[in-house]
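To find a chain, count down the sequence lines: A is the first, B the second, and so on, and within it residues start at 1.
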Number of protein chains: 2
Amino acid sequence: MSNIRKVAELAGVSVATVSRSLATPEMVSPKTRAKVLDAVERAGYRPNQMAVKFRSQRTHNLVVLVPTIANTFYARVISGIQETARKAGYSVLLCNTQGQDEVERDYARLVSSRQADGIIQLRAFNPFSDDDPTPPMVNACELLDNAPCPTVGIDNRGATYELTRHLIELGHRRIAMIQGPGQSPLTRERNAGYQEALEAAGLEADPGLFLPGNFTPRSGFEAARHLVDHANRPTAVVCESDEMAIGAVQCFKEAGLRVPGDISVAGFDDIEFASFIDPPLTTISQPAERFGQEAVARLIEVIEGKRNVTPHQTLPHRLVIRRSTAAAPPR
Amino acid sequence: MSNIRKVAELAGVSVATVSRSLATPEMVSPKTRAKVLDAVERAGYRPNQMAVKFRSQRTHNLVVLVPTIANTFYARVISGIQETARKAGYSVLLCNTQGQDEVERDYARLVSSRQADGIIQLRAFNPFSDDDPTPPMVNACELLDNAPCPTVGIDNRGATYELTRHLIELGHRRIAMIQGPGQSPLTRERNAGYQEALEAAGLEADPGLFLPGNFTPRSGFEAARHLVDHANRPTAVVCESDEMAIGAVQCFKEAGLRVPGDISVAGFDDIEFASFIDPPLTTISQPAERFGQEAVARLIEVIEGKRNVTPHQTLPHRLVIRRSTAAAPPR
DNA sequence: TATCGCGCTGTAACCGGTTACAATTTTATT
DNA sequence: AATAAAATTGTAACCGGTTACAGCGCGATA
């Protein structure tokens, strides 16, 4: 494999001149540069990036911790990350962690061992111990409570409030909630928005209508099964993800209920399938790709030592009303 | 940041001894090792992996070229890649290429510039020029015709043959096909399986029932629209992806057709949503995670210089019959 | 006691670039 | 033509590990 010394020999110049011809061509006379470029060509020389990175102590790699890539919402966030990183000359080390703390700590070591310059965490977990100073990090989507780094998110509480209010305005009085994973601040925020909307309307939250889920279609399906059999069945369900909403809709239909005739279902995320199922889902649209773009932009600012990086960014969400929600059935 | 020389000084030994205490502890006396480990602890020393990689000329990084991560089938493949790579001590550089040749060539340079040891290509495109020797590479899912490297795939032709035959056995005589992207060998293989099944049953393929698509729900929806208005509407449709099948089903339902009462729809891939829509999709199940696992296993064999790496692996598929296909309506 | 072998440790070269600094050549100025 | 200034090029240190090779200390053997 040819290296810079071989090229220098071929061109009859020093290694410094070769390096400069490639990195800072304006420092080299046109004649010399031509000689070097020719030698580079003849030798089929490509600088060894490992050497460059080692020398410069900058890897231009970013670690991305994602709980599950199989969720299309995260897939879109990753697309945004990837695209922005590429434009800025960074590569993405993708780490699918299944939400396991230990795996995340493991991957976070890619930064401490200098295989990456920074890390984007899409889950509410700090993979670094609280005592050592946090390396360049950005937390997006599912936010830590006291994040030691910039964060990028939406107003989950407000969005769920709007979604719930939409159902209340349609006349629903008994509204169930299929939640995300229990420990997540994101779940907590969405739950809070739901409850605030109920309270604002003078409705009482029935603990029996609070079902656990984990964002997958299957968990939505299972949760919905409890509602089908419920003695005093709700007329509407708010789901904390579209995937769960799709599972829930399927369960209701199999049980012979009409959506939204008998029961309205609302989702969260606005994944692509949300408009391609029957009925198309009412949901909260989140700018998934933009999460990724902004997270990378902030992270690079931190890496490059910019001061006063925006500590928290709230991106806009949008209530998208489709046909899975309708007026409450007369009682 | 502390380095090996600081640790050596702290422990009162040479750098070689520090290196050996960590890499090959059996070469060092227990007493010295203890001293070194203590110094490592006190210095908060973590070996700089860039230096290690540079020195060893092995990055333990794998590049993965994926046309689109937003497709849940690829997301599952990537999960499999990730998991296997992690176990083998490799990191994954994920590259979402949108199927753009130039972008793929660009990312492939990560290998030539030694930022990665090998590459997994999930699309039928060789990002390296034919003349230079191909670096460690494995081609999975969508296979190149004359791949210069090991491949991992399923029997697309056979699978589509089975799927089509299933419809024929249900009495369908006019069967449409919503295809994948035109240039792909995968599309070609699936088309061939479809046509062979028709021929074997003595049916003639109607070119008007061959609709283009690109694997997205939207393209399935659009293609289905042509069928709805067709003068001599088919009674069944084979789709080359579940996503398109879901789009097609939605289109038919919106047009007032019953699935499968008026028209049967079959998909391909068996994504998670396939069983959570109405009606649940008949489809071909592919071992997506296993694609990733096997691809990584083969790639590492190539990287580590193993001889006689299996040149082609065909993984098993399975016809999954659900409720989106049924007997052809009486005419 | 001299010699050998073994286990452990140290010295220094090396991987392939970048860059501070010195040396040399070219250009400008008088 | 002499000199100063600017532009170009070269030398060698450096990044932080790994490892070939050499050296040392100690017990075993003759």
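- Annotation: proximity of residues 6-13 of chain B to DNA chain C (heavy atom, distance under 4.0 Å) is found for V13(B), numbered in ascending order.
- Taking the side chain to side chain contact (heavy atoms under 4.5 Å, CB included) definition, one finds that V40(B) meets it with V7(B), L22(B), V36(B), Y45(B), sequence neighbours left out.
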Quiz: residues 138-148 of chain B side-chain donor-acceptor pairs under 3.5 angstrom, not counting sequence neighbours:
| from | atom 1 | to | atom 2 | distance (Å) |
| --- | --- | --- | --- | --- |
| N139(B) | OD1 | L144(B) | N | 2.7 |
| N139(B) | ND2 | Q121(B) | O | 3.0 |
| N139(B) | ND2 | R123(B) | O | 3.4 |
| N139(B) | ND2 | E142(B) | O | 3.2 |
| E142(B) | OE2 | A124(B) | N | 3.2 |
| E142(B) | OE2 | S184(B) | OG | 3.4 |
| D145(B) | OD1 | R188(B) | NH2 | 2.7 |
| D145(B) | OD2 | R188(B) | NH2 | 2.6 |

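- Shown here are the side chain to side chain contact (heavy atoms under 4.5 Å, CB included) partners of L10(A), two or more places apart in sequence or in another chain: A39(A), R42(A), A43(A).
- Take R105(A) and apply the salt bridge (charged side-chain N to carboxylate O under 4.0 Å, His left out) test, not counting sequence neighbours, and it matches E102(A).
- Partners of R86(B) according to the side chain to side chain donor-acceptor pair (under 3.5 Å) rule, which considers only residues two or more places apart in sequence or in another chain, are D106(A).
- In this structure K306(A) satisfies the salt bridge (charged side-chain N to carboxylate O under 4.0 Å, His left out) test together with E301(A), sequence neighbours excluded.
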How does protein reach along nucleotides 15-20 of chain C, written 5' to 3' as B (base within reach of a heavy atom under 4.0 Å), S (only sugar-phosphate), or - (no contact)? BBBBBB
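- Checked against salt bridge (charged side-chain N to carboxylate O under 4.0 Å, His left out), E83(B) has the following partners two or more places apart in sequence or in another chain: K87(B).
- Residue pairs meeting the side chain to side chain donor-acceptor pair (under 3.5 Å) criterion with at least one partner in residues 61-77 of chain A, sequence neighbours excluded, are R76(A)-E289(A).
- Sorted by first and then second residue, the pairs that involve residues 2-16 of chain A and meet side chain to side chain donor-acceptor pair (under 3.5 Å), not counting sequence neighbours, are S14(A)-T17(A).
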Under 3.5 Å, which N/O atoms of the protein pair with N/O atoms of nucleotides 23-27 of chain C?
none

